[in-house]
Amino acid sequence: MRKIWYKTAINEAMHEEMARDERVFLIGEDVDLFGGVFKISRGLVERFGARRVRGTPISESAFVGLAAGAAMTGLRPIVEMMYIDFALVAMDQLINQAASTSYMSGGRVRLPLVVRGQYGTGTSEAAQHSRNFESWFINTPGYKVVMPSTAYDAKGLLKSAIRDENPVLYLENRVLYTHKEEVPEGEWLVPLGSAEVKRAGADITVVATGYAVHKALSAAEQLAGRVDVEVLDPRTLDPLDLPAVLSSVRKTANLLVVQEAPVQCSFASEVVRLVVQEAFRDLEHPPLALGAADVPVPFSPALERAVIPQVEDIVAAVQRVLEKGA
Amino acid sequence: MRKIWYKTAINEAMHEEMARDERVFLIGEDVDLFGGVFKISRGLVERFGARRVRGTPISESAFVGLAAGAAMTGLRPIVEMMYIDFALVAMDQLINQAASTSYMSGGRVRLPLVVRGQYGTGTSEAAQHSRNFESWFINTPGYKVVMPSTAYDAKGLLKSAIRDENPVLYLENRVLYTHKEEVPEGEWLVPLGSAEVKRAGADITVVATGYAVHKALSAAEQLAGRVDVEVLDPRTLDPLDLPAVLSSVRKTANLLVVQEAPVQCSFASEVVRLVVQEAFRDLEHPPLALGAADVPVPFSPALERAVIPQVEDIVAAVQRVLEKGA
Amino acid sequence: MESIDLHIKRELLEYLVLIRRFEERVKVLYHQGAIMGAIHLYIGQEAVAVGVCRSLRDEDTVFSTHRGHGHAIAKSGEVERIMAELMGRDEGLSRGHGGSMHLFEPPKGLMGGNGIVGGGIPLSLGGAFTAQYQGSDRISVGFFSDGAVNQGTFAECLNLAALWKLPVLLVCENNQYAATTPVERSTAVRDVVGRARAFGVRAEKVDGNDVEAVFQAATAAVAALRQSQGPRLLECETYRVEPHCGIIPDERTPGERELWNPRDPVSLFVGRLVGEGAISASDLEALERRVRERLDRAVEFGARSPWPDPQVDPHRTWVLQ
Amino acid sequence: MESIDLHIKRELLEYLVLIRRFEERVKVLYHQGAIMGAIHLYIGQEAVAVGVCRSLRDEDTVFSTHRGHGHAIAKSGEVERIMAELMGRDEGLSRGHGGSMHLFEPPKGLMGGNGIVGGGIPLSLGGAFTAQYQGSDRISVGFFSDGAVNQGTFAECLNLAALWKLPVLLVCENNQYAATTPVERSTAVRDVVGRARAFGVRAEKVDGNDVEAVFQAATAAVAALRQSQGPRLLECETYRVEPHCGIIPDERTPGERELWNPRDPVSLFVGRLVGEGAISASDLEALERRVRERLDRAVEFGARSPWPDPQVDPHRTWVLQ
Ligand SMILES: Cc1ncc(C[n+]2csc(CCOP(=O)(O)OP(=O)(O)O)c2C)c(N)n1
Ligand SMILES: Cc1ncc(C[n+]2csc(CCOP(=O)(O)OP(=O)(O)O)c2C)c(N)n1
Ligand SMILES: [Mg+2]
Ligand SMILES: [Mg+2]
């Protein structure tokens, strides 16, 4: 099968959905010029024209709000946030407006909106270019939150997100952009709300998101022979595929959640909460959450590496979970 | 002892700290005119003058950022957000700027800033005037988060927050504004990071925040005789007084967390995570979190009441926790 | 400027009176506890909503504000369901989910109010964007007041609308106050028209208490917008007569409000129409009676409408697919 | 306009050359992997940073941008520790925590760059507020470029600064581009000066490639600011010679960049000083040598400086009480 980059998969999904549905358009900074600064929108303006691929001034509140208003009146916008950090300058439009309007209208208005945001760490871009907002958007009623870790999922989930009737936050990992993987041609979707076991195992469930999925898989390899690790990627963080998480935990009786974002009040906390609520008696050892240290992400690689969970930290955390009961 | 309103307690704290420290000033919409729309700043402009009590245009990004810049250059601002919901239009200044700057500077800059925000539900103000952001700010490295439930705590915590060297989010409950309680005169503080047992009990620990503390106390009264409920108010949500939570849970062996905010990725999730991490073996039954339903807060009182946890929901949740093991 | 047809003048008057009496009812019902939440009365500004909204087609979209009863009535005419919404009922315009600040009637182009000052302006550009995208001659209207011009969204949207020549009419109701802050304490330059022009948006100032002046200016602007001539701004000078909001006491200098009495938009227009011989005293009586009866029905409708049932209400965030 | 003292002209030249050569080094080091992260070079704009910052006192505060190496050098002179910071080292200006976009040297009034376009403008008002609050004649400077004028913060701050007469100098480096977007695709009205005036801020346009013109305009503005005459804006027309950022390819029309060569701020000023007989060829050689040696030392200092130790680094959010 052909191999393509994660970022090519995102690009393909947009090509296909824009061809399929005339109401879909892309809006964001530089998306029309040379395919955008990360080249995610390559070829779109040439194919669909300047009407449907709209480069904007650096006015995130205005163009996010414009997109929300366009969604309210019949279009299906894809908004690109160059870095998810910049969502902060448009947070009112993203939350107070886009997330609430459909409900506040008593269901009389629909707001199908995809906000694509690039995020990630490990590239020394410091605190204001290394943020994670998945937990904020999960906390906010009104959003679905998608976080693909493979090119296959990136394509299939983005197509589903674009067809969804609700605001969807779609998070793209900057480091994964140039990961190359097998992605079949043709028409298929990955439905929102379905997790996938990326590696089967018997001793412990590691729920991991984004780039941490790959780190967890490496950790699982290192532990192989000693500990049989199951790696589960929720892919959609909200709505969470809780049945998949529970059935894995019921099998392994142990849980570690790994993410690159800070832990306090996060997705990791939430998974732990749900698992203990639903499967307390099935747990052998206390579950653990592993994420970034509670500091803004530092610039220096020496510090950044230490602040973000690495493969060896996951290995240690797995061992810590399993030893807890001893 | 004299009784004063929760909002009077906040007002007194500002009076005292502004008298004590010339660098402290108050900034926000209408704070100088007639004491602000909720009268929290009554008497301040008359006493300290227009230089130190600054009514602003409706430009939250500008005045929050101005306050952050003033803090970086030697002052100690108190920012009033008329409703915490409006933090969304200033989120970049609150998070990317105020929360990160001290760390990004390698500690070369300090940023002592208090952001006072009014929040609450139960007054039919609908989704855009009923938000809760404590979980977002706990999730964000750089903030302390304070949420008093009594007039005494409101005063003592605000004084500590104003003296703190870091950004502090100080959350004021709109419904509690007119609760009257005993508050001694004279100089005293409630330190940040210290929880308080508001009612001692043996059977279950209910960790509750803000107005939910009062609901939990009512629920405890209703359950008295059948279940002996301990109600613990963390008062500061970040840094959390985890030792106090753990010692209560170790005593009661059971945990319910109650808040008026949505549960997913929230403070409640976080408390559950920490407790199971540290005291898994001490728990008799699986802990539970109770909060708002995962919808924007509806306008109609008939709906709002159903969406926000009420006393009877807390009673039911306590029973549910204790029956789980049965 | 073309003069306005008589039947349109009568329509304008009908809406002016309807909104005024509606708001007076709301005030009473609010103090009785039958209406709850944050209520921002529109009294004194009726000529703006009526003059602008009656120059529009149903399909044109309006994005309103926290002070939106007037816009909602003038655009949709759904007095009964608006009243029911303010009362939190299931047959309310937003099924009780939105309340006073969130009135939606999409079939009539009413796309909701907003609880966030300046929050609706970007959305209003979205309505214009959709029209332009679809090659329709629909236009979109964004209402806001003098306080909102200090929100960053306003400036961002001026530039974006001008850059993309969006068919959006931005209507600034300069009512002299933002909550308790008078306009001279919120802006260094009082003139909103000048700001708009600096961003490339054609702008005009109009007497916001003169419904004919507003209607004529809006009609001209709307015609230009339909011909893709780019965005327009109307600054309507007016006055907020009531306190900012139900719960907030008003502490304006005594006598200030009275100074505006001669500019009351309803009396002003009534006086003019009577002077022109366009209506008689008995027309006026009949109109007041019609409005009173309609509002009686509206209050009754609201009071009879069931509360939304939390058991039926799905409590769900996501629209079904 | 008074003419500039010779020793000041020499100082301006020294900083121009220092920043230019610094940036050329950074470019090489970045491609060698010795400098990491998002690096935005200042080449072509040196006259702005130098002209503005050299008109200031140490105690005046500067709030910079993502493209801030020039401001940092011109304000603080801390070339060695800036280089160490870009290399992520413990002796860097921000102890390795900030990097290129977050350079802090509070004793010299350097209050950090910013990763958020338009994000530093409100902070710069804060510096001015503190000065005004303390009754000091310090002033504050906020730098930003043509892209940032479309952020809401810019407009909010124009109004607030004008309303409160804050001693802030807003410096717009109009370098024709925001990332790959040319200014005519981001603004309907190219003129930033006009926007400022519409908000009540006195504004002036200046040739941003002429260090003397910038210095003179800044000096005059600063003098007015010290006398509490209210905020000022300088729009400096200039050109970003390098691609937007290290990682982003540049796709400008061939030949466009070359058109700006005759306006190169360093050559322009060198040519003028030589023409005036203010410096000789050998002065220039000596200057280049001095700069080269200083940068050699800076690179060496950076390379030798230890990495910050994550074990020592407290990993803590909160400043100790
Ligand atoms: C972003 C934001 N800040 C503050 C408020 C609180 N608030 C509600 S209405 C209002 C005054 C608005 O003034 P203006 O825009 O002039 O509208 P008017 O009330 O005059 O119709 C304020 C400050 C808000 N809703 N949103
Ligand atoms: C709010 C925000 N949006 C987008 C970006 C991404 N970004 C970084 S620099 C830049 C271009 C900025 O252009 P301009 O303000 O003209 O500054 P210049 O690069 O020309 O110095 C963009 C879009 C950002 N950092 N912040
Ligand atoms: Mg107003
Ligand atoms: Mg630029």
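Predicted model only: the values in this text are computed from it and were never measured. Every chain is numbered from 1 and lettered A, B, ... according to where its sequence line falls, protein lines coming before strand lines.
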Show the numbers, then the answer: is there a side-chain contact (heavy atoms from CB on, under 4.5 Å) between A:Leu88 and D:Ile116? CA-CA 10 Å; A:Leu88 285 171; D:Ile116 303 302; over 6 Å; no

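- Taking D:Thr153, D:Asp90, D:Thr187, D:Leu86 one by one and counting their heavy-atom pairs under 4.5 Å with chain A, the maximum is reached by D:Leu86.
- For a residue to count as touching a neighbouring chain, one of its non-hydrogen atoms must lie under 4.5 Å from one of that chain's; by this rule A:Ser61 does not touch chain D.
- Counting heavy-atom pairs closer than 4.5 Å to chain D, the top-ranked of the candidates A:Ser59, A:Ala62, A:Ala126 is A:Ser59.
- Within a 6.0 Å sphere centred on CH2 of D:Trp260, other residues, nucleotides and ligands contribute more than 12 heavy atoms.
- With contacts defined as side-chain heavy-atom distances shorter than 4.5 Å, the pair A:Phe299/D:Met36 qualifies.
- Using modelled atom types, no side-chain atom of A:Ser300 and backbone atom of D:Arg89 make a donor-acceptor pair closer than 3.5 Å.
- Side-chain atoms of A:Gln128 do not come within 3.5 Å of backbone N or O of D:Asn114 as any donor-acceptor pair.
- In terms of heavy-atom pairs under 4.5 Å with chain D, the best-connected choice from A:Thr123, A:Thr56, A:Val89 is A:Val89.
- With a 6.0 Å radius and a threshold of 12 heavy atoms from other residues, nucleotides or ligands, A:Arg42 has its CZ atom at or below the threshold.
- Chain A forms the most heavy-atom pairs under 4.5 Å with one residue out of D:Gly118, D:Gly98, D:Ala179, and that residue is D:Gly98.
- Between A:Ala302 and D:Pro308, the shortest heavy-atom distance links the atoms CB-O, 3.7 Å.
- Under a cut-off of 6.0 angstrom, the local environment of NZ in D:Lys27 is sparse, with at most 12 non-hydrogen atoms contributed by other residues, nucleotides or ligands.
- Across all their heavy atoms, A:Ile58 and D:Gln151 have their closest contact at O-NE2, 2.9 Å.
- Taken to the nearest 0.5 Å, the OH atom of D:Tyr177 stands 9.5 Å off from the CG atom of A:Leu33.
- For A:Asp30 (side chain) and D:Thr180 (main-chain N/O), a donor-acceptor pair under 3.5 Å exists by modelled atom type.
- Note that SG of D:Cys245 and CD of A:Glu125 are 7.5 Å apart. Values are rounded to the nearest 0.5 Å.
- Counting non-hydrogen atoms of neighbouring residues, nucleotides and ligands closer than 6.0 angstrom, the CZ atom of D:Arg304 reaches no more than 12 such neighbours.
- There is no contact between A:Glu304 and chain D, counting heavy-atom distances below 4.5 Å.
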